[in-house]
Trainee: 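Below you will find the structure I want to go over with you.
Note that the numbering runs from 1 along the sequence shown for the chain. Every number for a ligand or one of its atoms is a count from 1 in the order of the listing.
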Amino acid sequence: METNRPVGPVSGTEVPRYAGPATFARLPRTDQVGKADLAVIGAPFDSGVSYRPGARFGPSHIRQSSRLLRPYNPALDRSPFGVVQVADAGDMVINPFDITEAVGQIQEQAGALTGAGTRLVTLGGDHTVALPLLRDLHRHHGELAVLHFDAHLDTWDTYFGAPVTHGTPFRRASEEGLLDPEGCLHVGIRGSVYAKEDLTDDARLGFQQLTSRQFAHERLDTLIEVMLRRLGDRPVYVSVDIDVLDPAHAPGTGTPEAGGLTSRELLELLRALDGRNVVGADVVEVAPAYDHAELTGVAAAHVTYELLTVMAGGGHVSDTTPAR
Ligand SMILES: N=C(N)NCCCC(=O)O
Ligand SMILES: [Zn+2]
Ligand SMILES: [Zn+2]
């Protein structure tokens with residue numbers, strides 16, 4: 001039947017949700033809809049890691065762990081897949097043997113969609129993938145506020161002389177002028193670094209921090225206020241490294257650090273972005289080989305769902321049901 005309503009996910013009450021190939025949240029593929037306003041896309045690439053490999057399998061694991069998501073999100077009183085057309089754009093093709101070529105391929109394949117007006121939530125892959133995604137979005141929006149959830153700064157300079165790795169994307173982005181130095185914030189930072197100067201370098205590159213320790217001592221609503229004040233009304237890129245969560249909540253990742261956020265805290269922080277101008281997002285560093293019972297996959301799927309809900313925006317109705 002012809003309809004103007006967005007094409008929604010396959011219903012879990014009509015087709016068993018464990019059956020059939022996994023798109024994110026059982027959404028249609030981009031080639032099954034006219035045009036997607038919002039798309040989930042995989043960036044299976046992990047040649048930038050400094051420790052455990054395996055995040056190249058992140059996109060398929062997050063999709064598999066997303067089968068139980070339902071279309072209505074009570075926390076934000078919204079059916080995100082009914083407000084705008086959301087679809088799964090599949091996986092990018094990325095050379096695992098050449099990082100320079102890989103980041104070019106990511107920028108080009110993301111750009112083909114963003115150039116046509118589709119906003120993206122990219123499933124990594126390791127954190128290297130954020131750099132080409134920021135390069136692409138800077139072309140559309142100018143300097144970006146980066147809201148970066150991570151145990152790690154990822155503003156280090158080089159590893160073994162290599163400038164483009166999963167520990168360096170935000171230093172490169174800052175040096176290239178892609179970031180608004182008044183609007184960038186790390187959330188969940190913790191653990192050891194190489195030297196005290198790492199922290200002063202990081203501040204010079206334009207980042208403030210809400211550390212994981214602050215979550216132990218300060219109220220969540222106070223920290224949310226600090227976060228929102230830092231972002232203002234700037235175009236925001238949200239980068240979620242799943243290792244921002246405590247390893248108890250997300251064991252399936254390459255560089256785990258004890259003492260992290262709970263998934264409840266992270267989901268609340270993301271919901272607080274509702275109404276902000278989120279122009280793109282990623283969910284990275286999910287490495288399923290170290291996961292158990294899809295703990296990390298489910299956390300990443302729910303993070304992605306909250307990002308999509310915020311990015312879908314309010315629309316005009318609270319109970320919009322997508323077409324089937
Ligand atoms: N982006 C992630 N997950 N980790 C960066 C860790 C870099 C290091 O080995 O020091
Ligand atoms: Zn990290
Ligand atoms: Zn990271």
Trainee: Could you tell me whether Asp233 atom CG has more than 12 heavy atoms of other residues or ligands within 6.0 Å of it?
Mentor: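 No.
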Trainee: Under a 4.0 Å threshold between the charged nitrogen and the carboxylate oxygen, would Asp91 count as salt-bridged to Arg63?
Mentor: yes
Trainee: Have a look at Ile242, Asp154, Thr128 and point out the one with the heavy atom closest to atom 5 (C) of ligand 1.
Mentor: Asp154
Trainee: Residues in ring pair (Phe, Tyr, Trp, His ring centres under 6.0 Å) with His61, at least two apart?
Mentor: none
Trainee: Under 2.8 Å from the Zn ion (ligand 2), how many protein N/O/S atoms do you get? Just the number, please.
Mentor: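 Considering protein N, O and S only, the Zn ion (ligand 2) has 5 within range.
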Trainee: For ligand 1, which part of Asp243 has a heavy atom less than 4.0 Å away: the side chain, the backbone, both, or neither?
Mentor: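 The part of Asp243 near ligand 1 is the side chain, not the backbone.
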Trainee: Just checking, Arg52 and Tyr290: is the charged tip under 6.0 Å from the six-membered ring centre and within 45° of the axis?
Mentor: yes
Trainee: Only counting residues at least two apart or in another chain, list the ones meeting side-chain hydrogen bond (donor to acceptor under 3.5 Å, both in side chains) with Arg67.
Mentor: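 For Arg67 the side-chain hydrogen bond (donor to acceptor under 3.5 Å, both in side chains) partners, ignoring immediate neighbours, are Gln64.
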Trainee: Between Thr253 and ligand 1, find which residue part has any heavy-atom pair under 4.0 Å and reply side chain, backbone, both or neither.
Mentor: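 None of Thr253 does.
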Trainee: Quick one: nearest non-hydrogen protein atom to atom 9 (O) of ligand 1, plus distance?
Mentor: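 Looking at atom 9 (O) of ligand 1, the protein heavy atom closest to it is Ser50 OG, 2.6 Å.
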Trainee: Are Glu257 and Arg190 ion-paired here, with the side-chain N under 4.0 Å from a carboxylate O?
Mentor: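 No.
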Trainee: Considering only heavy atoms of Thr255, which atoms of ligand 1 have at least one such atom less than 4.0 Å away?
Mentor: 2 (C), 3 (N), 4 (N)
Trainee: With sequence neighbours left out, write down each residue that passes side-chain hydrogen bond (donor to acceptor under 3.5 Å, both in side chains) with Arg135, or none if nothing qualifies.
Mentor: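 Listed in chain order: Glu176.
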Trainee: Below 4.0 angstrom from a heavy atom of Tyr194, which ligand 1 atoms are there? Numbered from 1 as shown, please.
Mentor: 8 (C), 9 (O), 10 (O)
Trainee: Are the side chains of Thr158 and Thr168 in touch, meaning some heavy atoms are under 4.5 Å apart?
Mentor: no
Trainee: What do you reckon, does Trp156 have a nitrogen or oxygen under 3.5 Å from a nitrogen or oxygen of ligand 1?
Mentor: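 No; every N/O pair is 3.5 Å or more apart.
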Trainee: Taking it one step at a time, do His152 and Asp154 satisfy side-chain hydrogen bond (donor to acceptor under 3.5 Å, both in side chains)?
Mentor: CA-CA 6 Å; His152 308 101; Asp154 290 357; 4.8 Å; no
Trainee: From the options His302, Glu268, His249, select the one residue that forms a side-chain hydrogen bond (donor to acceptor under 3.5 Å, both in side chains) with Ser263.
Mentor: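 Running side-chain hydrogen bond (donor to acceptor under 3.5 Å, both in side chains) over His302, Glu268, His249 with Ser263 returns exactly one hit, His249.
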Trainee: Applying a 4.0 Å heavy-atom criterion (strictly less than), which segment of His166 is in contact with ligand 1: side chain, backbone, both, or neither?
Mentor: both
Trainee: Side chain, backbone, both or neither: which part of Tyr159 comes within less than 4.0 Å of ligand 1 when only heavy atoms are counted?
Mentor: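 Near ligand 1, Tyr159 shows its side chain, while the N, CA, C and O stay back.
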